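None of the values given here were measured: they were computed from a predicted structure. Chain identifiers are assigned alphabetically (A, B, ...) following the order of the sequence lines, protein sequences preceding nucleic acid strands; residue numbering begins at 1 within each chain.
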Number of protein chains: 2
Amino acid sequence: MPPRSYVSPGRSAAAAETRERVIAAASRTLREESIARFSLDTVAKAAGVTRLTVYNQFGSRRGLLEAVFDGIAQSGGLHRLAETMTMTDPRAALDRMVEIFCAFWSRDSAVGGLHAAMATDPEFAEAISERNERRRKLLTALIDRLADKSAPPRARKDAVDLIFALTSYPTFAALSPGRSKEEVCAVVQTACHAAVAPLQEPSR
Amino acid sequence: MPPRSYVSPGRSAAAAETRERVIAAASRTLREESIARFSLDTVAKAAGVTRLTVYNQFGSRRGLLEAVFDGIAQSGGLHRLAETMTMTDPRAALDRMVEIFCAFWSRDSAVGGLHAAMATDPEFAEAISERNERRRKLLTALIDRLADKSAPPRARKDAVDLIFALTSYPTFAALSPGRSKEEVCAVVQTACHAAVAPLQEPSR
DNA sequence: AATTAGATATACAATATGTATAATCAATTC
DNA sequence: GAATTGATTATACATATTGTATATCTAATT
C-alpha cells in the first residue's frame, strides 16, 4: 500500500507564510536585540510559533540564520550589481558598486548581527562567504576592465582585495558612527579611486 | 579579633604562575581551536587546573578573555607606538604605525578568536574598544601633524577613520590570505598614503 | 601548631541547542 | 463524509555551557 502523495497548494502556502513570519521575527530580533540574545526560543515566541516549528522549517540555528541572510540579500538591492556590468564607464561602475553595497549594509541593521554570528559559527561563516564569492568575481571583472594593459596581475590583485575589504561590512560599520550613509559612501568611493589609480597611471 | 593579614610572597607567586598558565592555555585554545570550542572547561583542562580556579582568578569568561588580550597586547609590541610620536617625519611615522599594527595582528593568531568573542559579547567588545581608544588618539595626533593648515577638520576626520579602519584587524584578516605579513603591510601602507594625500595637496 | 590564601570537590541553577515520540488540527483525497 | 496526510504542537530527554554556593584540602605563613 503505497502512501498517496499530497501536493497541497494551500497547505504549503500556509507553511511558507509561517516560514516568512519566522524569518521576519528573526530579523527583528537581530535588529533590536543583540546577537547574544538571539535564541531560537526568543525568535519562536516573537513569531508566535513553537521552537520545534523553527527546527521543522530551518533544521538548525544555522539554517535559520542563512535564511535570514538570503532574505536580506533578496530585498537588499544586491541584484542591481548586475547592471554595473553593462555600464560603459568602469569607473562609474565602481562608484555604483560601492553605492549599492553601502545601501545594502545600511538597509537592514540585522546584517550586523549576522556578521557577529559568522564570528562564532565557522560553518555559517563559510556559507556566507560562498555567497559573497560572486561579489569578488564581479569586482575582479570590473578591475580588469578598468586597468591598463600594462598593469601587472599583482597590482590588480592588490586592488581587488583592497576594494573588497573597503566595501565589506566591517569597514562600513567602522565608518558609520557620526556619518550618514551617503557620507560613508563618499569616503569609501574616494578610497577606492585611490586604490585603482596606480592601475591607470603605471608610469607615475 | 581581626584576622591577621598575610602578604604571602611565595604563595602569590604560585598563584601568578597558575594565572599565567591559564592565560597561556586560553591563548593556545584560541589559536588552535576556534572560538566556538572556547569553553572554560576546555581551557581549565588544558591548563591542568579546575574550572573553578579559572573563576577564582578571572571572575568570568569575559575576565579571562580580557586577560588574554592584555597579555597579547603586552608582548605584541604595541608599546613601540610611543616611538612614532618622536619621529620627525610624520609620513615615516605613519608607515611605522602601520608596520607595528601588522606585526601585532600577525604575531598571535589568537587575536582572531578575540575579535570573534567581541562579536558575541558586547561588554567585552566595549572593554577592548576602550583599550583601542589610545590607538585612535595617537592616529589623530599624527594626522594633525601631517596635514596642511588649510586642511578642513572634516577631511582630517575622514582620514583618521579611514586609516583606523585600514589598520584594523578585519582589514588585516581580509588581506592576509595569499600574502605574507610584509606584503599585507605594504598594501595597507600604500592605501594609507592615498588616504592622507588630499590633506597635503588641498589645491588639487 | 594555628591560621590563611589558593585550589579543589561536589552540587546546584539557569539557559541553550538539538533529538525523539506521540498528539493535534486543518487541508486534501477518496 | 471518512480516511489520510503534512505541518504544527506538546512533552520529554540528552548534552553543553556559564555561573554560584558550600565545604574540604593543601601548602605557605605566622
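With salt bridges taken as basic N to acidic carboxylate O contacts below 4.0 Å, one links B/Arg154 and A/Glu183.
One can place CG of B/Leu40 at 8 Å from C1' of D/dT17, the figure rounded to the nearest angstrom. Protein atom CD of A/Gln57 is 8 Å distant from nucleotide atom C1' of D/dA7, rounded to whole Å. Summarising the geometry, the separation between CZ on A/Phe58 and P on D/dA7 is reported as 13 Å, rounded to the nearest angstrom. Distance A/Arg37 CZ to C/dA14 C1': 15 Å, rounded to the nearest Å. Rounded to whole Å, atom P of D/dT18 lies 14 Å from atom CZ of B/Phe124. The CG atom of B/Leu64 sits 10 Å away from the P atom of D/dT18 (whole-angstrom rounding). B/Arg61 places its CZ atom 18 Å from the C1' atom of D/dT20, with the value rounded to the nearest Å. When rounded to the nearest whole Å, the span between OH of A/Tyr55 and P of C/dA16 equals 11 Å.
Here the nucleotide nearest the side chain of A/Thr53, chosen from D/dT18, C/dA7, D/dT9, is D/dT9. The listed nucleotides are D/dT8, D/dT9, C/dG18; the one nearest the side chain of A/Ala15 is D/dT8. Side-chain proximity of B/Leu52 to the nucleotides C/dA9, C/dA7, C/dT17 is greatest for C/dA9. When distances run from any side-chain atom of A/Asn56 to the nucleotides D/dT9, C/dA7, C/dG18, the shortest one goes to D/dT9.
Interface remark: the B/Arg51 side chain does form a donor-acceptor pair with the D/dG19 base, using a distance-only criterion of under 3.5 Å. Taking only distance into account, the side chain of B/Arg62 never meets the base of D/dG19 through a donor-acceptor pair shorter than 3.5 Å.
A cation-pi geometry, defined here as NZ or CZ lying under 6.0 Å from the six-membered ring centre and within 45° of its normal, holds between B/Arg136 and B/Phe164.
Remark: the backbone N or O of A/Phe38 is paired with a side-chain donor or acceptor of A/Arg61 at under 3.5 angstrom.
Enclosure of atom CZ in B/Arg131 by more than 12 non-hydrogen atoms of other residues, nucleotides or ligands within 6.0 angstrom is indicated. Within 6.0 Å of the CZ atom in A/Arg37, the count of heavy atoms belonging to other residues, nucleotides or ligands does not exceed 12. Counted within 6.0 Å of CZ on A/Arg156, heavy atoms from surrounding residues, nucleotides or ligands total more than 12; the atom is thus considered enclosed. At most 12 non-hydrogen atoms from other residues, nucleotides or ligands lie less than 6.0 angstrom from CD of A/Glu126.
Across its full length, the helix from C/dA1-D/dT30 to C/dC30-D/dG1 shows an angle of 10° between the axes of its 5 terminal pairs at either end, rounded to 10 degrees.
OP1 or OP2 of D/dT8 has at least one side-chain nitrogen or oxygen of A/Thr18 nearer than 4.0 Å. Between B/Thr50 and C/dT8, a side-chain N or O to OP1/OP2 separation shorter than 4.0 Å is present.
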